[in-house]
Amino acid sequence: MQETDGFIGSDDTSRTLTEQTYAELRTDIIEGRLLPGSKLRVEHLRQTYAVGAGTLREALTRLVSDALVSAEGQRGFRVSPIAIDDLEDLTRLRVHIETNALRESIRHGDDAWRARLRASYEELAAVEQPLTRANRGRWEALNLRFHETLLDGRPSPWARKVLKLLSRHIERYRSFAIELPGAVRDVHAEHTEIFELAMSGHDARAALALEAHICATPHELLKALREGRMVLPAAEA
């Protein structure tokens with residue numbers, strides 16, 4: 001949809017266009033098409049996303065709230081950088097929240113929850129054997145749904161909101177780790193172990209398996225960085 005800087009129609013149309021632009025920008029940041037640390041020039045982005053400056057700034061402001069973009073006063077916007085220290089902090093917080101929520105979910109989950117969990121797991125399993133860059137978009141959506149369903153035995157709206165934000169940031173790192181040379185990891189086997197332990201009611205063992213699963217990506221990245229098999233991407237100075 002092409003927009004000008006003038007009147008574009010109803011408020012609903014404006015909101016829809018802002019939401020669409022926000023989603024496209026967020027995807028491009030997460031998948032690395034907009035490099036960490038890169039300057040987000042409104043005039044250039046207007047042409048790329050075919051929207052007006054007002055819509056673009058609204059979308060960028062939302063991304064600032066997500067901490068995926070930083071505002072630089074009067075100098076505009078920039079993609080938030082990535083760093084191993086940041087990933088480690090995100091991972092520690094996610095482990096703390098998600099493993100405790102999983103144990104509560106398993107303890108209180110009923111048959112309806114277990115049925116939803118099985119359906120979510122089976123749908124995810126169908127697309128992650130093998131997991132490739134080509135099917136990663138679909139996999140990311142199903143992976144998020146599986147992790148959310150794991151916690152639905154005792155829902156916590158605040159835990160879900162916080163974990164969704166953390167997941168978006170961790171997804172940025174996963175997009176660079178998914179095809180690491182020399183990486184050996186069976187994500188499907190990890191999900192299967194968590195699923196089976198949750199279904200059988202072993203909350204402590206399921207939490208340990210989930211912690212190992214969450215920590216696997218930062219471990220692989222750290223190993224690859226130390227061995228010189230990769231560097232974290234960044235915009236040119």
Side-chain angles (χ1 to χ4, degrees), residues 1-87 89-90 127 131-145 148 161-181 217 221 224-225 229-237:
M1 181 188 303
Q2 179 68 42
E3 177 197 6
T4 69
D5 282 329
F7 182 73
I8 65 168
S10 69
D11 289 342
D12 287 344
T13 301
S14 180
R15 282 193 294 270
T16 299
L17 190 56
T18 300
E19 181 68 30
Q20 176 184 315
T21 306
Y22 162 76
E24 290 176 356
L25 280 163
R26 186 182 67 193
T27 298
D28 287 345
I29 290 171
I30 288 172
E31 296 188 354
R33 287 188 286 272
L34 293 171
L35 285 176
S38 62
K39 183 77 172 177
L40 295 170
R41 295 177 173 84
V42 171
E43 287 306 313
H44 172 71
L45 294 175
R46 285 181 60 192
Q47 298 175 10
T48 302
Y49 297 95
V51 295
T55 294
L56 191 56
R57 289 193 181 94
E58 286 185 37
L60 289 169
T61 298
R62 286 190 59 185
L63 289 164
V64 170
S65 299
D66 289 344
L68 290 169
V69 166
S70 59
E72 301 185 311
Q74 301 300 315
R75 294 180 295 172
F77 300 90
R78 189 177 295 274
V79 177
S80 296
I82 61 175
I84 285 297
D85 287 348
D86 181 59
L87 176 58
D89 192 27
L90 289 167
V127 302
L131 174 58
T132 66
R133 187 166 292 277
N135 66 9
R136 192 173 68 81
R138 174 68 173 158
W139 179 85
E140 288 287 0
L142 293 175
N143 180 60
L144 177 60
R145 183 188 303 172
E148 289 179 340
K161 288 176 183 177
V162 173
L163 287 169
K164 184 170 289 188
L165 177 60
L166 294 175
S167 178
R168 287 174 182 167
H169 284 267
I170 292 172
E171 191 178 340
R172 296 180 74 193
Y173 294 88
R174 188 159 57 236
S175 71
F176 298 112
I178 194 170
E179 292 180 353
L180 271 175
T217 290
L221 280 171
L225 287 165
R229 290 185 285 117
M230 76 164 293
V231 293
L232 289 176
E236 295 182 3

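Quick note: residue numbers are just sequence positions, from 1.
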Who passes side chain to side chain donor-acceptor pair (under 3.5 Å) against D89, sequence neighbours left out?
-> none

What pairs with R41 under side-chain contact (heavy atoms from CB on, under 4.5 Å), at least two apart in sequence or on another chain?
-> K39, H44

By side chain to side chain donor-acceptor pair (under 3.5 Å), which residues pair with R62, not counting sequence neighbours?
-> E19

Starting at CD of E31, measure out to CZ of R26 and round the result to the nearest 0.5 Å.
-> 11.0 Å

Answer yes or no: does atom CZ of R57 have more than 12 heavy-atom neighbours from other residues, nucleotides or ligands under 6.0 Å?
-> no

Shortest non-hydrogen separation from A53 to V42 and the atoms involved = CB-CG1, 4.0 Å

For the residue pair A59 and T21, what are the closest heavy atoms and their distance?
-> CB-CG2, 4.0 Å

Rounded to the nearest 0.5 Å, how far apart are OG of S70 and CG of L60?
-> 10.5 Å

Note: L40 and R78 closest approach over all heavy atoms is CD1-C, 4.1 Å

Is a side-chain N or O of H169 found less than 3.5 angstrom from the main chain of D66, in a donor-acceptor match?
-> yes

How about T217 and I170: do any of their side-chain heavy atoms sit closer than 4.5 Å?
-> no

Listed by chain and number, what are the salt bridge (Lys or Arg N to Asp or Glu O under 4.0 Å) partners of E24, not counting sequence neighbours?
-> none

Residues in side chain to side chain donor-acceptor pair (under 3.5 Å) contact with E43, at least two apart in sequence or another chain | R46

Identify the heavy atoms of S80 and A67 that sit nearest to each other, and give their distance.
-> OG-O, 3.0 Å

Distance (rounded to the nearest 0.5 Å) between L25 CG and L56 CG | 6.0 Å

How far does NZ of K164 sit from CG of L166, to the nearest 0.5 angstrom?
-> 12.5 Å

With a 4.5 Å heavy-atom cut-off, do R172 and V79 have their side chains touching?
-> yes

Side chain to side chain donor-acceptor pair (under 3.5 Å) partners of E171, counting only residues at least two apart | none

Atom CD1 in I29, atom CG in L68: separation rounded to 0.5 Å?
-> 5.5 Å

Please answer whether the main-chain N or O of A83 pairs with a side-chain N or O of Y173 as donor and acceptor at a distance below 3.5 Å.
-> yes

Rounded to the nearest 0.5 Å, how far apart are CG of N143 and CD of E148?
-> 10.0 Å

May I have the step-by-step check of side-chain contact (heavy atoms from CB on, under 4.5 Å) for V127 and L142, ending in yes or no?
-> CA-CA 9 Å; V127 302; L142 293 175; 3.7 Å; yes

Side-chain (D28) to main-chain (L34) donor-acceptor, under 3.5 angstrom = no

Taking all non-hydrogen atoms of both residues into account, name the closest pair between L144 and S167 and its distance.
-> CD1-OG, 4.0 Å

